[in-house]
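Scroll down for the structure; my scribbles are underneath it.
Keep in mind that what you see is a predicted model, and the values were worked out from it rather than measured. Each chain gets a letter, A, B and so on, in the order its sequence line appears, and its residues count up from 1.
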There are 2 protein chains.
Amino acid sequence: MGKKRTYRHSKQRQRILELLTGTDKHPTAIWVYDQLRKEYPSLSLGNVYRNLNILVEQGLIKNSDFMGSFERFDANVNPHYHFICENCGSIVDIDMPIENELNDKASKTADISIRYHKMQFYGLCSKCLK
Amino acid sequence: MGKKRTYRHSKQRQRILELLTGTDKHPTAIWVYDQLRKEYPSLSLGNVYRNLNILVEQGLIKNSDFMGSFERFDANVNPHYHFICENCGSIVDIDMPIENELNDKASKTADISIRYHKMQFYGLCSKCLK
DNA sequence: GTTCATGCAAATCGTTTGCACAATG
DNA sequence: CATTGTGCAAACGATTTGCATGAAC
């Protein structure tokens, strides 16, 4: 039995979503907080976090994180891609050549100069496949 | 004039590096700490962090971080790649198709099943190019 | 009126730092 | 002996949570 959860309407959450859909930045919680404090002077940062997480739950926004909240250290200093198991969280180096053409391809989509890229694959590792 | 810095030999740092080169995991600081505490019961976590950062400075290990220490929220929930400016830190969505063949290519390098991938390009944005 | 949303402050968690002492070169 | 490394504890910064009150349905 999944926990049931109902969402009520909230002006603050509504405005947070509007702020996010209205910008091409990738805002942090504090940015949202600073913007919205002008309209709701009593707004609390904790509530911004709560609503951002609810919007993620609802699938209305995405949280761009990477490998979780821990720093990870790697003695393999050569450029390489990573695989992250969605079930157990283990991280594996992927032994395939770097696709440098992607840098050129991506450069052409905007007025930017690209030096390198990082890539992470997500799925299930051998252990978790069984 | 860059600040000069000399590194002395330290058994703890030596062992931290050995631990990292001897594993294919991508350890966190606490993992290293727990391993090494068996050998050095008085070891402090703060010192582990200090040494990990020194090893990164020396280019002997890598710190796999992503977009800095802040969570970033994005109302664009469609899969897309990101560009991150190395100078100003701004994040831009990259408007190019997802390279799904890469999932197959990467799957073949190990016994894993891949559902999707993320990619981040790094370089200079239009503002910082000038 | 039951449940969810809010503000506030305190708590939590990963990481960094100040300090006094020990080890290195 | 000048400088770096260490342990310890406190500080830090981003995020979460407990609690009492207010709003939604």
Side-chain angles (χ1 to χ4, degrees), chain A residues 1-20 26-58 60-74 89 91, chain B residues 2-20 25-58 60-74 89 91:
Chain A
M1 337 251 76
K3 33 186 151 180
K4 52 183 66 176
R5 176 84 158 85
T6 23
Y7 299 106
R8 299 195 174 155
H9 187 262
S10 135
K11 274 189 178 171
Q12 280 97 327
R13 187 153 65 237
Q14 174 68 26
R15 289 292 295 123
I16 289 174
L17 180 58
E18 285 171 15
L19 274 177
L20 284 171
H26 292 64
T28 62
I30 300 170
W31 183 89
V32 172
Y33 176 59
D34 285 337
Q35 299 297 311
L36 225 52
R37 208 159 27 153
K38 298 163 191 162
E39 298 172 36
Y40 300 92
S42 68
L43 182 69
S44 68
L45 183 55
N47 194 37
V48 170
Y49 276 107
R50 259 187 302 237
N51 278 318
L52 285 168
N53 288 331
I54 288 175
L55 290 169
V56 171
E57 275 173 37
Q58 296 177 316
L60 296 171
I61 64 173
K62 276 202 301 192
N63 183 346
S64 301
D65 59 352
F66 175 38
M67 294 185 182
S69 48
F70 286 86
E71 288 185 353
R72 298 276 184 166
F73 297 91
D74 189 353
I91 301 177
Chain B
K3 34 186 149 179
K4 54 182 66 177
R5 175 83 158 84
T6 25
Y7 299 105
R8 298 193 176 156
H9 186 262
S10 137
K11 275 188 177 171
Q12 282 97 325
R13 186 153 67 237
Q14 175 69 24
R15 290 291 296 124
I16 290 174
L17 180 57
E18 285 170 16
L19 274 177
L20 283 172
K25 299 175 198 289
H26 292 64
T28 62
I30 299 171
W31 183 88
V32 172
Y33 175 59
D34 285 337
Q35 299 296 311
L36 225 52
R37 208 160 26 154
K38 299 163 190 164
E39 298 172 36
Y40 300 92
S42 67
L43 182 69
S44 67
L45 182 55
N47 195 36
V48 171
Y49 276 107
R50 258 185 304 234
N51 278 318
L52 285 170
N53 288 331
I54 289 175
L55 290 169
V56 171
E57 275 173 38
Q58 296 176 316
L60 296 171
I61 64 173
K62 275 202 302 191
N63 183 347
S64 299
D65 60 351
F66 177 39
M67 292 184 181
S69 48
F70 287 87
E71 288 185 354
R72 297 277 185 167
F73 297 91
D74 189 354
I91 301 177

Notebook entry, point to check: Nearest to the side chain of A/Thr6 - C/dC4, D/dT15, C/dT16?
Noted result: C/dC4
With sequence neighbours excluded, residues passing side-chain contact (heavy atoms from CB on, under 4.5 Å) with [X]:
| X | answer |
| --- | --- |
| B/Asn63 | A/Glu71, A/Phe73, B/Val56, B/Asp65 |
| B/Arg37 | B/Tyr33, B/Asp34 |
| B/Arg50 | B/Asn47 |

Notebook entry, point to check: Short question: side chain of A/Arg72, backbone of B/Ser64 - any donor-acceptor pair under 3.5 Å?
Noted result: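 Here the side-chain-to-backbone pair does not exist.
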Side-chain contact, heavy-atom cut-off 4.5 Å: [X] with [Y]?
| X | Y | value |
| --- | --- | --- |
| A/Leu20 | A/Leu60 | no |
| B/Leu36 | B/Val48 | no |
| A/Ile16 | A/Leu55 | yes |

Sequence-distant partners of [X], side-chain hydrogen bond (donor to acceptor under 3.5 Å, both in side chains), two or more places apart:
| X | answer |
| --- | --- |
| B/Glu18 | B/Gln14, B/Arg15 |
| A/Gln58 | none |
| A/Tyr7 | A/Glu57 |

Next item on the list: Could you check A/Asn53 against B/Gly46 and say which one's nearest nucleotide on DNA chain D is further toward the 5' end?
Entry: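 Per heavy-atom nearest nucleotide, the more 5' residue is B/Gly46.
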Rounded to the nearest 0.5 Å, what separation is found between the [atom1] atom of [X] and the [atom2] atom of [Y]?
| X | Y | atom1 | atom2 | result |
| --- | --- | --- | --- | --- |
| A/Leu17 | A/Ile54 | CG | CD1 | 12.0 Å |
| A/Gln12 | A/Ser42 | CD | OG | 7.0 Å |
| A/Asn51 | A/Ile61 | CG | CD1 | 9.5 Å |
| A/Asp74 | B/Lys62 | CG | NZ | 6.0 Å |

In whole angstroms, how far is the [atom2] atom of [N] from the [atom1] atom of [X]?
| X | N | atom1 | atom2 | value |
| --- | --- | --- | --- | --- |
| A/Glu71 | D/dA14 | CD | C1' | 13 Å |
| B/Leu52 | C/dG14 | CG | C1' | 13 Å |
| A/Leu45 | C/dA9 | CG | P | 13 Å |
| B/Tyr49 | D/dT6 | OH | C1' | 17 Å |
| B/Ile30 | C/dT12 | CD1 | C1' | 13 Å |

Quick one: is [X] getting a side-chain N or O under 4.0 Å of the [N] phosphate, OP1 or OP2?
| X | N | value |
| --- | --- | --- |
| A/Asn47 | C/dG7 | yes |
| A/Asn51 | C/dT6 | yes |
| A/Gln12 | C/dT6 | yes |
| B/Ser44 | D/dC8 | no |

Note to self: Using five pairs at each end of the helix from C/dA5-D/dT21 to C/dG25-D/dC1 to define an axis, what is the angle between those two axes, to 10°?
What the structure shows: 20°
Item checked: Per-nucleotide protein contact string for nucleotides 19-25 of chain C, where B marks a base within reach and S marks sugar-phosphate only (heavy atoms under 4.0 Å, - for neither) -> ----BBS
Note to self: Using a 4.0 Å cut-off on heavy atoms, which residues in residues 13-20 of chain B reach DNA chain D? List them by number, or say none.
What the structure shows: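 Output list: B/Arg13.
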Margin query: For DNA chain C, which residues of residues 33-43 of chain A approach it to below 4.0 angstrom with any heavy atom?
Written below: A/Ser42, A/Leu43
